[in-house]
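Accompanying notes for the structure given below.
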Amino acid sequence: MKKIILLICILFLAACSNSASGGNDFPTKNVEIVAPASPGGGWDLTARSVQKLLNDNNLVDANINVVNKPGGGGEVGWQYIQSKDAHNLAINSSLLITNNLLGTSDLTHKDFTPLATLATEWQALAVPVDSEFKSLEDLMNQFKKDPKSVKVGVGPALGNDDHLSFVQAVREYDVDPKNVDFLVYEGGGDVVTALLGGHVGVVTTSLSEVKEQHLAGKVRILAISSEERVEGLEDVPTYQEEGLDIVFPHWRGIMGPPDMTEEEIAYWDEKLSEMVKTDQWQEVMKNNDWEGFYKNSSETKKFLEEQTKLYQDLVNDSGLGQ
């Protein structure tokens, strides 16, 4: 009888230990990381970086594959993992929020399990190097005088981070963003080309799109949306230094399908938190002008709720709301 009781106790303790560690039998098959876009873009780069680092550091005891599922501004890839399990993850960004707010998708962050926010880029406002606008204040004062007097380049569509970060900035100066003259281009490269060609007076874009042009003396970055000045661009002030209460990250994260168990969430929390501590991850961020922006699953859930409220206000102010 004592042996039976002892055996039951051992089995109970083993089960508790297994549960606490996320389950020793997980993963039980190959892991897929979905990049909801074609190869070569930011989502794809994030997915392949995560795949490589998890593999190279032996953090996950399974094969990890990246699958590209482009279409619908992320919609196709995100719909794909909805019916999958915790072996299927997807890269996300603010488009998960804004697609819904703009009426192009029924999906929201609540339809998935947030696992981590990984890294961010920052937004930048840039003008030609010979522009009459020498500071953010100069530019914003002009918009106050006449919102349509300066054409603003943005791409690839209104409602993205490039556009909405500018909406937030002019809103701080009591300028109605609906009165601003935006010219929409195919992407960041086309936006910068338009700026250099004199077709627009200012561009709002990711910092990486204008960094090299600024360093080469071809454009002047008036402000960036980070909390502190960026290494290598110490001459460029932040929005906050220019008097605007704005910190605007262009973040990327990773999520799983709905209804993941607490043990599965804990497993990915552990693995992803270990990954972002590696020297290789620091190198990936440096090489791509990203900055660390890691948040675990519970922190990411709260962050997505905060971001949804912010984007709802900005979309409404932009005149693009449903």
Side-chain angles (χ1 to χ4, degrees), residues 73-74 92-110 117 120-127 133 135-185 187-188 191 194-195 200-207 209 221-227 237-252 302-322:
N92 62 15
S93 70
S94 61
L95 284 180
L96 180 65
I97 299 171
T98 56
N99 284 354
N100 178 265
L101 297 177
L102 294 169
T104 61
S105 172
D106 292 330
L107 298 175
T108 75
H109 69 90
K110 295 180 181 179
T117 311
T120 187
E121 293 182 82
W122 298 109
Q123 301 298 129
L125 277 183
V127 297
F133 307 116
S135 68
L136 181 65
E137 184 178 12
D138 290 344
L139 179 66
M140 291 300 164
N141 283 337
Q142 182 60 38
F143 278 110
K144 285 194 74 171
K145 291 177 185 177
D146 182 0
K148 292 188 178 299
S149 62
V150 183
K151 290 182 172 59
V152 182
V154 64
L158 297 182
N160 67 357
D161 278 356
D162 297 351
H163 173 232
L164 294 180
S165 63
F166 187 86
V167 168
Q168 187 174 15
V170 295
R171 191 176 69 171
E172 292 279 323
Y173 268 80
D174 297 322
V175 175
D176 186 345
K178 293 189 290 292
N179 294 329
V180 174
D181 189 6
F182 290 100
L183 294 185
V184 180
Y185 294 88
V191 168
L195 181 67
V200 295
V202 60
V203 297
T204 172
T205 188
S206 296
L207 177 59
E209 296 286 356
I221 301 175
L222 297 181
I224 54 177
S225 65
S226 55
E227 285 187 278
T238 67
Y239 277 116
Q240 290 184 325
E241 289 177 310
E242 292 293 286
L244 301 186
D245 186 20
I246 295 176
V247 175
F248 201 108
H250 179 51
W251 52 268
R252 293 189 184 94
K302 180 181 178 182
F303 175 67
L304 290 174
E305 291 167 354
E306 294 168 348
Q307 288 279 284
T308 299
K309 184 179 184 306
L310 169 65
Y311 279 110
Q312 178 71 76
D313 292 342
L314 294 177
V315 166
N316 290 340
D317 287 347
S318 73
L320 298 175
Q322 301 182 66

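No experiment lies behind these values; they were computed from the predicted model shown. Keep in mind that the numbers below use all heavy atoms, side chains included, and drop hydrogens, waters and symmetry copies.
- The minimum heavy-atom distance linking Gln142 with Ser149 is given by the pair NE2-OG, 2.9 Å.
- Annotation: the span from Thr204 atom OG1 to Leu222 atom CG amounts to 11.0 Å, rounded to 0.5 Å.
- Summarising the local packing, NZ of Lys148 is surrounded by more than 12 heavy atoms from other residues, nucleotides or ligands at distances under 6.0 Å.
- Side chain of Thr120 to main chain of His250: a donor-acceptor pair is present (N/O by atom type, distance under 3.5 Å, no hydrogens or angles).
- Panel note: side chain Asn99, backbone Gly73; a donor-acceptor pair is recorded below 3.5 Å.
- Side-chain contact between Lys178 and Ser318 is absent, with no heavy-atom pair separated by less than 4.5 Å.
- Side-chain contact of Gln307 with Ser94: a donor-acceptor pair under 3.5 Å is absent, judged by distance alone.
- Proximity of Thr238 to Glu227: side-chain heavy atoms (C-beta onward) are nowhere separated by under 4.5 Å.
- Residues Tyr239 and Ala169 approach most closely at CE2-CB, 4.0 Å, considering heavy atoms.
- Annotation: the span from Asn100 atom CG to Leu95 atom CG amounts to 12.0 Å, rounded to 0.5 Å.
- Atom CZ of Phe248 is separated from atom CG of Asp161 by 4.5 Å, given to the nearest 0.5 angstrom.
- Annotation for Lys110: atom NZ does not count as buried by contact number, only 12 or fewer foreign heavy atoms lying within 6.0 Å.
- Using modelled atom types, no side-chain atom of Thr98 and backbone atom of Leu101 make a donor-acceptor pair closer than 3.5 Å.
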